[in-house]
Amino acid sequence: EAQVTQNPRYLITVTGKKLTVTCSQNMNHEYMSWYRQDPGLGLRQIYYSMNVEVTDKGDVPEGYKVSRKEKRNFPLILESPSPNQTSLYFCASKPSSGSYNEQFFGPGTRLTVL
Amino acid sequence: SQQGEEDPQALSIQEGENATMNCSYKTSINNLQWYRQNSGRGLVHLILIRSNEREKHSGRLRVTLDTSKKSSSLLITASRAADTASYFCATEGAQKLVFGQGTRLTINP
């Protein structure tokens with residue numbers, strides 16, 4: 001089944017403890033992206049990647065890192081999480097960076113930073 | 001920055017009625033997309049309309065796009081209880097989707 005998977009789905013952690021949220025897609029998509037969703041603010045893009053080893057900042061990249069060493073995986077790294085990073089995170093992918101493709105979203109990761 | 005602004009923020013109708021949601025945006029776009037999100041879950045793509053298209057249909061969904069007014073509408077006909085969800089418009093420009101804050105649709109049996 002074609003899908004985007006994220007792990008973990010739920011995570012409670014403490015301030016400063018490094019964590020990684022994994023994202024994997026099995027559709028051979030070139031483009032992948034991370035969003036966070038917060039009440040009243042909608043979804044905002046954190047980082048995106050147009051292909052392997054090509055990443056770029058979105059609207060809210062502060063406090064996050066990403067890597068794209070292989071096409072299928074696009075992990076989101078929080079080196080020193082803070083409470084303002086408590087949010088619902090979504091990974092998404094699409095076939096290419098072209099403009100006429102829908103994005104496929106993962107199921108989301110609910111992160112709480114205490 | 002938020003580009004798409006949905007209107008209304010919340011809509012409650014009876015099953016079988018039609019639901020219309022509107023979206024306005026600020027800058028030029030390549031396409032506009034509508035997504036559905038069931039409470040706290042992932043987003044599901046509904047329909048994509050290109051900037052050179054004016055109307056598109058998919059099942060019970062009808063989307064219009066007016067680039068001169070920078071606005072779009074999503075019409076769901078013959079609504080069902082399963083249509084209860086949040087609906088987001090998203091505009092695609094330079095390598096990213098910019099989402100609005102969504103319309104919360106409730107279908108009452």
- Note on the structure: In terms of heavy-atom pairs under 4.5 Å with chain B, the winner among Pro39(A), Ala92(A), Gly40(A) is Gly40(A)

- Query: For the residue pair Arg41(B) and Phe90(A), what are the closest heavy atoms and their distance?
  - Reply: O-CZ, 3.3 Å

- Determine whether Leu65(B) and Leu46(B) fall in the same hydrophobic cluster, where Ile, Leu, Val, Met, Phe, Trp and Tyr are linked whenever their side-chain heavy atoms lie under 4.5 Å apart. yes

- Query: Do Ile29(B) and Val63(B) belong to the same hydrophobic cluster, where Ile, Leu, Val, Met, Phe, Trp and Tyr are linked whenever their side-chain heavy atoms lie under 4.5 Å apart, directly or via other members?
  - Reply: yes

- Task: Consider only side-chain heavy atoms of I, L, V, M, F, W and Y, link residues closer than 4.5 Å, and tell whether Val21(A) and Val60(A) are in one cluster.
- Result: yes

- Please look at Leu97(B) and chain A and tell me whether the side chain, the backbone, both or neither of the residue comes under 4.5 angstrom of a heavy atom of that chain. both

- Going by heavy atoms in the side chains, are Gln37(B) and Phe105(A) under 4.5 Å from each other? no

- Message: Could you see if Tyr89(A) belongs to whatever hydrophobic cluster contains Tyr47(A)? Use Ile, Leu, Val, Met, Phe, Trp, Tyr and a side-chain cutoff under 4.5 Å.
- Response: yes

- Query: Heavy-atom count around Arg80(B) CZ within 6.0 Å, excluding the residue itself: above 12?
  - Reply: no

- Note on the structure: Turns out that what part of Arg9(A) lies under 4.5 Å from chain B's heavy atoms comes down to neither

- Reported CZ-to-CD distance for the pair Phe99(B) and Gln37(A), which is rounded to 0.5 angstrom: 9.0 Å

- Message: Please report the interatomic distance CD(Glu102(A)) to CD(Glu92(B)), rounded to the nearest 0.5 Å.
- Response: 11.0 Å

- Item | From Tyr35(A) atom OH to Leu43(B) atom CG, the distance as rounded to the nearest 0.5 Å | 9.5 Å

- Are Leu32(B) and Met21(B) in one and the same hydrophobic cluster, where Ile, Leu, Val, Met, Phe, Trp and Tyr link if side-chain heavy atoms are under 4.5 Å apart? yes

